[in-house]
Each structure stands twice: as structure tokens, then as C-alpha cells.
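Proteins get letters first, then strands, A, B, ... in listed order; numbering begins at 1 in each.
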Protein chains: 2
Amino acid sequence: MTETTSTSSTKTDSCATPFSTANRRPDGQDHYTISEVVAFTGLTAHTLRWYERIGLMPHVDRSHTGQRRYSNRDLDWLDLVGKLRLTGMPVADMVRYAELVREGDHTYGERFELLKTTREDVLARIAELQDTLAVLDRKINFYADAGQAPASERSR
Amino acid sequence: MTETTSTSSTKTDSCATPFSTANRRPDGQDHYTISEVVAFTGLTAHTLRWYERIGLMPHVDRSHTGQRRYSNRDLDWLDLVGKLRLTGMPVADMVRYAELVREGDHTYGERFELLKTTREDVLARIAELQDTLAVLDRKINFYADAGQAPASERSR
DNA sequence: TAGGACCTTGGAGTGCACTCCAAGCAAGCG
DNA sequence: CGCTTGCTTGGAGTGCACTCCAAGGTCCTA
């Protein structure tokens, strides 16, 4: 058995802290192994390495033997990436954002635009979901009523 | 050129009618070809055939030569499927729901549960999105401010 | 009755976001 | 010293939801 595949995090643990500033080590002693980062983020080690390969992570520090040592800054970045991922933003776009950050201050404008676009997408998605919620509720009410009295098949 | 690949519907056409009861033919003359359904739903013909193959559509009526003839009922079903898809429900679950419908009235209870679970998922997703929205807004404000005055790199 | 647009099928291919594998080095412990 | 556990790499594999293809049959209009 290799590589402990995440902590079997099912849908139900959405209340697990968003691994915020809790149980972090102070800046200066912030040298987390990949498995610690797995515990913090809920991502798998595979995914963390993959993020690095595709350029979604700035190159992570290494120990003298070549093992990854993540910093608090890296954790912050992963936190942001996690949020962006929740918005449904494609990985390619997140990589683009990461590139802009690497390129320096002069890309502020472009980053701003990218985030604003994402914001619009999120708003649209929320509206969409609220719309489906209405449909769902109509159907749910139908089945709830039908549970009481026998009804005329095929919903409404 | 074969098989007109959708009406190049970009993200921006979310205001296109959800192909509701508009321009439908009255029950009795409701025999739509696959390309008409493509126009109504925004799905591709490929996808419509695929939905049928995997059991997500009840078997669609055929003309005497074997061509698909969709009914108003089929359109209603596709409307619902579209909504469920927007919730992010996996296709496999939608197929399950379709099976329950085929099995008849005695599956009302199970359908009710399935929809209620979906509803919870949607609510959770909305909450999640609203959370990411807050993060996004903080970042956007940061960049908006930074646009005015030169700032200390690497966001906040 | 000819031409082109449209439709049929099974099966293979695509793109995304992981996910896993094998082979091998490294650190800590009894 | 050997053992276990954890880490490294490039590359291959997976699952989902389509998406496309080839070869052929059908419909409609001039």
C-alpha cells in the first residue's frame, strides 16, 4: 500500500475548516511536507505534484534531499486555488492567473479583469442554481402530495 | 459537412428561452425531428442519441423509416434533464431517476428522496459559491485599490 | 429522377482533471 | 543493519460527458 489516498473525505465533510490559518506554524518554521499539506487541503499528494507540474503552483521549496517543503505562502495560494476551483474555473484559467502573478505587478490589470469575469460567472451560476431549485421544489411538492393521495402518474 | 454542430451557443446566450412551451406544436401533431429538438434544447444531435442509448430518454418514437420523432412529452423530459444537469447531478443519477419513472408509481418515494438529496446539494453548492464570491470580492477590491496607488505585491 | 440536406448505426476518439504506477532514494527506529 | 514509511520522478491510465466518424439509407424540391 502506497500513498495514503486522502482522508476518505466524502461530501459530508464540507464543514471541515477551510484549513485557514489554524494549526499553522509561524513564518520561518513553515516547512510542511507534502503529507501535511494533504491533511490541510484535502487534495491528494498526486494532485499537489500535478499542480506543480502544470504550473499552477510557484515552484515549491525543496529539502536538501529534494523533498517538497511547502511554506505558509504556498498554503495561502492553495487556499485561493481551492476557492477558484469551487467556482468551476477551468484549471487552464487558474494556470493563466498563476502566470500573471509570476510575471509581476504590471499584470494587475489583467488579473483584475480575470477575477471580475470569474465573479460574473459565479453570479450567473448562482442564478442558474436558484432557477433549478425552483423546478426541484415544484417536483418535490408534487411527490410529497402524491405520497398522500394516489395521483395521475408522470409528474407535472 | 455533416451534422450541424449546435448553434454555436456561447456562454452569453443564457437568456435564450429555456425552450419552454413556446413554438411547440399542439399534442397530436407533436412529431419533432432530431434537428428541431437540437434547435429547442441546444443539445447536439449526438448528445440526444447518446442520452437515448444510455437510457436517459424513454425510447423515442420512430417514423416508418426509423427516424426519431420526438413528442411534447419528450421535450418536457429534456427540459427536466437540462435542469438536473445544471444542478451538477451526474448523468448516472439522472439515468437512475429515469429508471424509476419507467418503473411506475410505486417508486414515488425513492424519486422524492433523490430529488430532496439533489435539492440539498444545490443549496450547499449555492452556499459554497457565495463563499467564494466573498473571497473574489476581497481580491477584486485589492486589485481595484492597487490600480490607483502602487502596492506591496502579492495580494492579500 | 437527380441532387443535396438530413437521418441512421456502432464504435472509436476527445478533453478535462485527476489518479495511479513502478522503480528507486531517504529518514528514522530497534 | 535491515525494515518500514514516506518521498521522488515521468509517464501511463481512468472516468466522465460528450463528440465524431464512416458508411449508408431517406426526404424533399426542382
- prompt: Whole-Å distance between C:dA27 P and A:His31 NE2?
  reply: 16 Å
Restricting to nitrogen or oxygen on both sides, can you table the protein-nucleotides 25-29 of chain D pairs closer than 3.5 Å?
residue	atom	partner	partner atom	Å
D:dT26	O3'	B:Thr65	OG1	3.4
D:dC27	OP1	B:Thr65	OG1	2.6

statement: Sorted by chain and residue number, the ring-ring contact (aromatic ring centres under 6.0 Å, His included) partners of A:Tyr32 (sequence neighbours excluded) come out as A:Phe40
message: Assuming nearest nucleotide by heavy-atom distance, tell me which of A:Glu36 and B:Met94 is located more 5' along DNA chain D.
response: A:Glu36
statement: Side-chain contact check for A:Arg62: nearest option of C:dT8, D:dT8, C:dC7 is D:dT8
- prompt: Would you say C:dC6 has OP1 or OP2 under 4.0 Å from some side-chain N or O of B:Arg49?
  reply: no
field: Atom-to-atom span, CG of A:Leu48 to C1' of D:dG6 - whole angstrom
entry: 15 Å
task: Can you sort out the partners of A:Arg69 under side chain to side chain donor-acceptor pair (under 3.5 Å), two or more places apart, ordered by chain and number?
output: none
query: Given atom NE2 of B:His46 and atom C1' of D:dT19, what is their separation to the nearest angstrom?
result: 6 Å
query: Is there a side-chain contact between B:Pro58 and B:Asp74 (heavy atoms, below 4.5 Å)?
result: yes
query: OP1, OP2 of C:dT8 versus side-chain N and O of B:Arg68: anything below 4.0 Å?
result: yes
- request: Please state whether the rings of B:Tyr97 and B:Trp77 are parallel, tilted or perpendicular, taking 30° and 60° as the class boundaries.
  value: parallel
- prompt: Would you call A:Arg73 and A:Asp61 a salt bridge, taking side-chain N to carboxylate O under 4.0 Å as the test?
  reply: no
Report all interatomic pairs (protein N or O, nucleotide N or O of nucleotides 10-13 of chain D) with separations under 3.5 Å.
residue	atom	partner	partner atom	Å
D:dG11	N7	A:Arg53	NH1	3.0
D:dG11	O6	A:Arg53	NH2	3.0

When you compare the protein's N or O atoms with those of nucleotides 1-5 of chain C, which come within less than 3.5 Å of each other, and at what distance?
none

field: Contacts of B:Asp137 that satisfy side chain to side chain contact (heavy atoms under 4.5 Å, CB included) - sequence neighbours left out
entry: A:Arg119, B:Leu133, B:Ile140
task: Provide the closest heavy-atom pair for A:Ala45 versus A:Ile34 in the form atom of the first, atom of the second, distance.
output: O-CD1, 3.8 Å
Set of residues satisfying side chain to side chain contact (heavy atoms under 4.5 Å, CB included) with respect to A:Arg96, sequence neighbours excluded: A:Glu99, A:Leu100, A:Glu103, A:Glu110, A:Leu114
- request: Calculate the interatomic distance between A:Ile34 atom CD1 and C:dA27 atom P; express it in whole Å.
  value: 17 Å
message: Holding to side chain to side chain contact (heavy atoms under 4.5 Å, CB included), I want the full list of residues that pass it with A:Val135, two or more places apart in sequence or in another chain.
response: B:Leu80, B:Lys83
Let me have the donor-acceptor pairs involving side chains of residues 85-93 of chain A, under 3.5 Å, with sequence neighbours excluded, atom names and distances please.
residue	atom	partner	partner atom	Å
A:Thr87	OG1	A:Leu84	O	2.4
A:Thr87	OG1	A:Met89	N	3.2

query: How about A:His59: does its NE2 atom have over 12 heavy atoms from other parts shown lying under 6.0 Å from it?
result: no
- request: Sequence neighbours left out, what passes side chain to side chain donor-acceptor pair (under 3.5 Å) with B:Ser35? Give chain and number order.
  value: B:Thr33
Find every protein N or O atom lying less than 3.5 Å from an N or O atom of nucleotides 14-17 of chain D, and list the pairs.
residue	atom	partner	partner atom	Å
D:dA17	OP1	B:Val91	N	3.3
D:dA17	OP2	B:Val91	N	3.4

task: Measure from the side chain of A:Ser35, starting at C-beta and using heavy atoms only, and say which of D:dG6, C:dT19, D:dT19 lies closest.
output: D:dG6
field: Nearest-angstrom distance from the residue atom OH of A:Tyr70 to C1' of D:dT8
entry: 12 Å
Residue list, side chain to side chain contact (heavy atoms under 4.5 Å, CB included) with B:Thr117, at least two apart or on another chain: B:Asp121
message: What I want to find out is whether B:Arg49 reaches B:Glu52 closely enough, with some N-O distance under 4.0 Å, to be called a salt bridge.
response: no
